[in-house]
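Here's the structure, in structure tokens; my notes come after.
Counting starts at 1 for both ligands and their atoms, in listed order. Reckoned from all heavy atoms, side chains included, excluding hydrogens, waters and symmetry mates. Along the sequence shown, the residues carry numbers beginning at 1.
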Amino acid sequence: MRATSILKEADMTAENQKPEFAIEAVGLEKTYRASGKLPAKQALKGIDLKIRRGSIFGLLGPNGAGKSTFINILSGLVTKTGGTAHIWGKDIDAQPRAARSAIGVVPQEITMDPFFTPFESMELQAGFYGVPKSERRTDEILAAVGLADKRDAYVRQLSGGMKRRLMVAKALVHTPPVLILDEPTAGVDVELRRSLWEYVVELNKAGTTIILTTHYLEEAQELCDEIGIINHGQVIACEPTATLLKRLDHKTLVIQPTETVTTIPPSLAEFDTKLRPDGSLAITFRASETGFGRVMETVRSEGISIADLATEEPDLEDVFVSMTSDS
Ligand code: ADP
Ligand code: MG
């Protein structure tokens with residue numbers, strides 16, 4: 001009896017010690033000094049971000065926005081020039097080791113020693129993080145990312161996708177509560193992308209906070225419960241995915257008519273309809289107000305027969321447009 005209640009107490013203390021935010025950045029700045037061909041650059045201009053524990057957070061922004069700089073400051077690869085950051089409640093300046101042991105980072109670039117096997121590579125990484133031999137989960141993690149059968153192959157014999165999976169595995173050796181993936185699908189095929197996402201979602205369900213950067217809105221909206229948008233080193237939005245998507249309540253239906261259409265039929269003018277140079281009709285409508293069915297009915301009632309049909313979803317570009325038109 002006593003033992004269990006003590007255990008419960010201990011558990012509760014551990015629970016209480018879990019921070020509300022996995023990552024907390026306040027006024028984070030980075031100015032790169034000019035070096036070689038690169039000019040000096042203020043990559044981060046005061047980033048404020050709070051990433052809730054337990055979420056799958058998407059850091060979304062175009063190339064050059066500062067996503068990797070932000071991630072690399074957290075991982076210790078880049079030295080910030082201003083502001084503060086806490087990882088799992090630990091200040092990266094005051095408690096750098098504790099802060100860094102709370103994250104596993106999968107960097108944007110694949111870097112790997114070609115002369116080690118995945119097993120050796122994992123063991124080295126575990127040693128680097130000071131994980132005792134008895135607590136290592138090398139085979140378990142390799143199996144989880146689908147590399148059990150490549151355990152003893154040389155890294156140079158692995159495909160790009162396998163290398164990417166090994167990078168994920170290596171980021172997990174110390175069982176960090178926060179996993180950060182920097183552009184994880186760059187140069188990754190559809191199959192791997194799907195299995196990677198499945199695994200990431202599984203980790204999240206088991207309690208790991210996930211942070212990923214991407215420049216694809218579609219990827220972020222599919223996976224993340226919260227999205228922060230960064231542009232030119234500044235956060236321009238940070239909100240639940242559903243809230244963000246409400247701002248983007250439009251879809252475009254692109255119809256290739258069987259017979260050439262030269263003018264936009266009046267009944268279609270009720271929507272925002274354009275005749276494109278390739279002869280297709282692009283009909284933009286508010287998805288929540290006007291159903292897809294009503295648009296199709298209108299098209300049919302005009303006697304337009306359809307050779308081909310596609311829909312276009314809003315992308316990152318549209319988010320920026322809607323942000324600027326809001327203010
Ligand atoms: P993202 O990951 O969003 O594509 P980065 O954080 O890699 O953006 O880069 C942000 C800006 O900082 C870019 O303009 C980039 O050219 C610049 N930058 C990145 N690394 C360096 C560096 N080592 N020296 C100088 N400028 C850099
Ligand atoms: Mg990057």
Side-chain angles (χ1 to χ4, degrees), residues 22-51 56-85 87 92 99-100 103-112 160-161 163-165 167-168 170-171 178-188 192-193 196-197 200 209-224 226-239 241 244 315-321 323-324:
I23 306 284
E24 233 182 315
V26 178
L28 208 60
E29 290 178 21
K30 175 63 188 182
T31 302
Y32 289 105
R33 272 182 297 189
S35 68
K37 278 186 202 150
L38 285 174
K41 169 87 191 176
Q42 191 181 8
L44 299 184
K45 301 169 184 165
I47 296 284
D48 296 323
L49 266 184
K50 286 181 175 172
I51 301 176
I56 302 188
F57 184 92
L59 186 60
L60 180 68
N63 280 328
K67 303 182 297 294
S68 293
T69 301
F70 178 73
I71 302 305
N72 292 342
I73 289 172
L74 297 180
S75 72
L77 228 62
V78 166
T79 319
K80 64 184 164 62
T81 50
T84 60
I87 304 171
I92 61 168
R100 255 119 223 176
I103 51 169
V105 180
V106 186
Q108 186 172 348
E109 312 292 337
I110 294 181
T111 50
M112 239 163 233
K163 284 185 186 140
R164 176 95 32 192
R165 275 183 273 164
M167 300 277 285
V168 176
K170 280 174 71 179
V178 185
L179 177 67
I180 303 181
L181 303 125
D182 195 1
E183 306 255 2
T185 54
V188 160
L192 172 63
R193 185 178 307 197
L196 192 61
W197 287 158
V200 160
T209 304
I210 309 283
I211 298 161
L212 63 97
T213 78
T214 178
H215 55 271
Y216 297 115
L217 174 64
E218 209 183 297
E219 184 160 86
Q221 82 183 50
E222 209 174 289
L223 227 80
C224 305
E226 199 143 341
I227 295 177
I229 303 178
I230 167 175
N231 196 22
H232 298 301
Q234 286 174 308
V235 177
I236 58 171
C238 186
E239 51 195 23
T241 307
L244 183 79
D315 60 12
L316 185 53
E317 235 14 77
D318 296 307
V319 182
F320 288 135
V321 172
M323 295 280 160
T324 40

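- Around the Mg ion (ligand 2), the protein atoms of type N, O or S that sit closer than 2.8 Å are Ser68 OG, Gln108 OE1.
- Side chains of Leu59 and Phe70 form a contact here, defined as non-hydrogen atoms less than 4.5 Å apart.
- Between Leu60 and Leu217, the closest side-chain pair of non-hydrogen atoms falls below 4.5 Å.
- At a threshold of 4.5 Å between non-hydrogen side-chain atoms, the residues Leu49 and Ile230 do not count as touching.
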* To do: Carefully, step by step, assess Tyr32 and Thr69 under the rule side chain to side chain donor-acceptor pair (under 3.5 Å).
  => CA-CA 10 Å; Tyr32 289 105; Thr69 301; 2.8 Å; yes

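- Residues Leu212 and Cys224 have side chains in contact (heavy-atom distance under 4.5 Å, counting atoms from C-beta outward).
- Between Ser75 and Ile180 there is no side-chain heavy-atom pair separated by less than 4.5 Å.
- Paired with Leu179 under the rule side chain to side chain contact (heavy atoms under 4.5 Å, CB included), one option of Val106, Val105, Ile103 passes, and it is Val106.
- Residues Leu74 and Ile211 have side chains not in contact (no heavy-atom distance under 4.5 Å, counting atoms from C-beta outward).
- Proximity of Ile71 to Gln108: side-chain heavy atoms (C-beta onward) are nowhere separated by under 4.5 Å.
- If you look at ligand 1, the protein residues with a non-hydrogen atom under 4.0 Å away are Tyr32, Leu38, Lys41, Ala43, Pro62, Asn63, Gly64, Ala65, Gly66, Lys67, Ser68, Thr69.
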